Protein chains: 2
Amino acid sequence: MKIEIQDQYIESFKEFLTRKGLRVTNQRMAIFSAAFTCDDHFTAEELLDKSRNLDDSVSRATVYRALPLLTESNLIREVDVGKDYKYYAANKDVKTFQAQVICMDCEKIFEIDAPFMEWYGKTVAEKLLLSVEDQRLQVSARCDQLRSKGECNKVFTK
Amino acid sequence: MKIEIQDQYIESFKEFLTRKGLRVTNQRMAIFSAAFTCDDHFTAEELLDKSRNLDDSVSRATVYRALPLLTESNLIREVDVGKDYKYYAANKDVKTFQAQVICMDCEKIFEIDAPFMEWYGKTVAEKLLLSVEDQRLQVSARCDQLRSKGECNKVFTK
DNA sequence: CTGCCTGCAAACTCTTTGCACGAAT
DNA sequence: ATTCGTGCAAAGAGTTTGCAGGCAG
C-alpha cells in the first residue's frame, strides 16, 4: 500500500524530468526517494546522507544541483528559517499555507496551518502593485521546558 | 534641529556601551552614526562603506563585531529576508510589528505595519509551550511594472 | 554516439576568528 | 599601565561551478 503511494510520487518526478527534457538518472531518483522518505524537515547535508544509503555514488554537488529541480517540481518545498543553511520538506499532504514555529533550543520546526496568510500577502502586495511569489510567517521561540528541566519531549508536527 | 535628534541617539548608544563596560571608540561611533544616517535598509558591506566616509580606519571585521552591539542596544534591527546576507535598519520611529514585502526584481524592501502578528505569534507559541523570541512575516513578490515597462518607480517605505 | 550528468575539488560569498599592535580608561 | 578594541589576513560554513570522464536516450 504505502509503496504504491511512494511509486506514484516517483512517477510524478520522472514525468517532471521528462517534460523538461532532463534525464532520469539513478542519482536524481535516489535523491528524490531519499527526500520523500524523510518524515521531517531536512538539510542538504542530511539529504546527501540519506541519498547515499540508496546510491553511494551520489555526491554533494549532485544533491545541490537536484534541489532546485525538486522544488521546481513542487514535490519538495524550501523552508528558510533564517539560519545559514536551508531546510527542505516533502510536500506530502500540505493543502493550506503553513507558518513555522522554530524552537531555538530544540532545533525543531513545527508547521502550523495559517490559511489567512494567503489572503494577507496578496492584499498587501497588490497595494504596492506587486504579485506575490512566496511568503513565510515564522516565529522563533525558546523552549521553557528544555531550559528548566534540561530536556524537551515535544514532537515534530510534520 | 535634525542634528540634535541625531545627537540624542548617539548619546543613547554611548550610554549603552558604558553600561555594558565597553569602550567608546571612534570606530564604533562612526559605524553607529553611519547606520543611523541610512534612510534605508543596508547590508554590512554598505555600512562599511558609509562608516569609512566618517572614519577611514574602520575595517570590515569591526563592522561585523559592532553589529551585534547595535542590535542588542535596540537602536538597529536585523532584517533577515532569506538572502545569503543580512539587512539592517535603524529603529527610528518604529512602534508596531512590521511585515516585509520584498521585491525580487527591484531589490527593495517595503515595511508594512502588521500589529496582529504580535498576538498571533504569542498565541501559536503558547500552544506549543514556547515563548516567542522573534518573528517575521515576509512576502516575496515580483514587480509587474519593472517586468513590463523595464523600470520601476516605487519608493522605499523606510 | 551525442551531449547531458556526474564526481571531484577548487572557487565563492558572507561572516567569524587569531594574533599582535594600538588606543581608551 | 592595563586591558579591551582594532586591522589584517586566514579560516569557516554552506553552496556553486569548471572540468574531464561517464551514462541516458
Side-chain angles (χ1 to χ4, degrees), chain A residues 10 13-35 41-73 76 78-88 107, chain B residues 10 13-35 41-73 76 78-88 107:
Chain A
I10 290 180
F13 188 55
K14 280 190 186 169
E15 256 175 57
F16 170 81
L17 290 174
T18 313
R19 202 177 335 120
K20 296 214 63 168
L22 300 170
R23 292 183 181 169
V24 177
T25 64
N26 272 337
Q27 289 91 336
R28 279 178 179 161
M29 294 322 289
I31 294 167
F32 172 78
S33 301
H41 295 80
F42 54 87
T43 62
E45 203 61 28
E46 286 161 9
L47 183 55
L48 173 62
D49 285 347
K50 279 219 165 194
S51 304
R52 279 183 166 158
N53 289 340
L54 302 174
D55 178 343
D56 59 7
S57 80
V58 172
S59 74
R60 185 169 288 105
T62 302
V63 168
Y64 278 107
R65 283 190 272 237
L67 279 168
L69 298 177
L70 293 172
T71 53
E72 201 191 329
S73 73
I76 301 284
E78 194 182 284
V79 181
D80 188 332
V81 297
K83 304 207 178 189
D84 39 6
Y85 45 87
K86 283 180 184 130
Y87 279 98
Y88 299 86
E107 292 281 297
Chain B
I10 291 179
F13 188 55
K14 281 189 185 169
E15 257 175 56
F16 170 81
L17 289 174
T18 313
R19 201 178 335 118
K20 296 215 63 170
L22 300 171
R23 292 181 181 169
V24 177
T25 64
N26 273 337
Q27 290 91 336
R28 280 177 179 161
M29 296 319 292
I31 293 167
F32 172 77
S33 302
H41 295 78
F42 53 88
T43 62
E45 202 61 28
E46 285 162 10
L47 183 56
L48 173 62
D49 286 345
K50 278 218 167 199
S51 305
R52 280 184 165 158
N53 289 340
L54 303 174
D55 179 343
D56 59 7
S57 79
V58 173
S59 73
R60 185 170 287 103
T62 301
V63 169
Y64 278 108
R65 283 190 273 237
L67 280 168
L69 298 175
L70 293 172
T71 54
E72 201 190 328
S73 73
I76 300 285
E78 195 183 283
V79 181
D80 187 333
V81 296
K83 305 209 178 188
D84 40 5
Y85 45 86
K86 282 178 185 129
Y87 279 97
Y88 299 87
E107 292 281 297

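Computed from a prediction, not measured in an experiment: that's the story for all the values here. Order of the sequence lines sets the chain letters (A, B, ...), proteins ahead of strands, with each chain counted from 1. We use all heavy atoms of the structure for the numbers below, so side chains are in, but hydrogens, waters and symmetry mates are not.
B:Tyr88 is listed as a side-chain neighbour of B:Thr71, based on a closest heavy-atom distance under 4.5 Å. With a 4.5 Å cut-off on side-chain heavy atoms, A:Met29 and A:Phe13 count as touching. No side-chain heavy atom of A:Tyr85 sits under 4.5 Å from any side-chain heavy atom of A:Glu45.
In this structure, A:Arg65 atom CZ and C:dC4 atom P are separated by 14 Å, rounded to whole Å. Taking atom CG on A:Asp55 and atom P on D:dG22, their separation rounds to 16 Å, with Å as the unit. Separating the CG atom of A:Leu48 from the P atom of D:dA13 is a distance of 16 Å, rounded to the nearest angstrom. Atom CZ of B:Arg52 is separated from atom P of D:dT6 by 14 Å (rounded to the nearest Å). At whole-Å resolution of the value, CD in A:Glu78 and C1' in D:dG14 are 13 Å apart. Distance CZ (A:Arg60) to P (D:dG14): 10 Å, rounded to an integer number of Å. A straight line from NZ of A:Lys83 to C1' of C:dT15 spans 17 Å, rounded to a whole angstrom.
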Please write out the pairs of protein N or O atoms and N or O atoms of nucleotides 9-14 of chain C separated by less than 3.5 Å, giving the distance to one decimal.
none

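Non-hydrogen atoms lying under 4.0 Å from DNA chain C are contributed by B:Arg23, B:Val24, all within residues 14-29 of chain B.
To the nearest 0.5 Å, the span separating CG on A:Asp55 from OG1 on A:Thr25 amounts to 8.5 Å.
Look at B:Lys83 and B:Glu107 and you find a salt bridge, because one of the NZ, NE, NH1 or NH2 atoms lies within 4.0 Å of a carboxylate O, short of that distance.
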Please assess B:Lys50 against B:Leu54 for the test side chain to side chain contact (heavy atoms under 4.5 Å, CB included), listing each intermediate value before the final yes or no.
CA-CA 7 Å; B:Lys50 278 218 167 199; B:Leu54 303 174; over 6 Å; no

Evaluate side chain to side chain contact (heavy atoms under 4.5 Å, CB included) for A:Thr43 paired with A:Lys86, printing each intermediate quantity in order.
CA-CA 6 Å; A:Thr43 62; A:Lys86 283 180 184 130; over 6 Å; no

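Judged purely by atom type and a 3.5 angstrom limit, B:Arg28 uses its side chain to pair as donor or acceptor with the backbone of B:Arg23.
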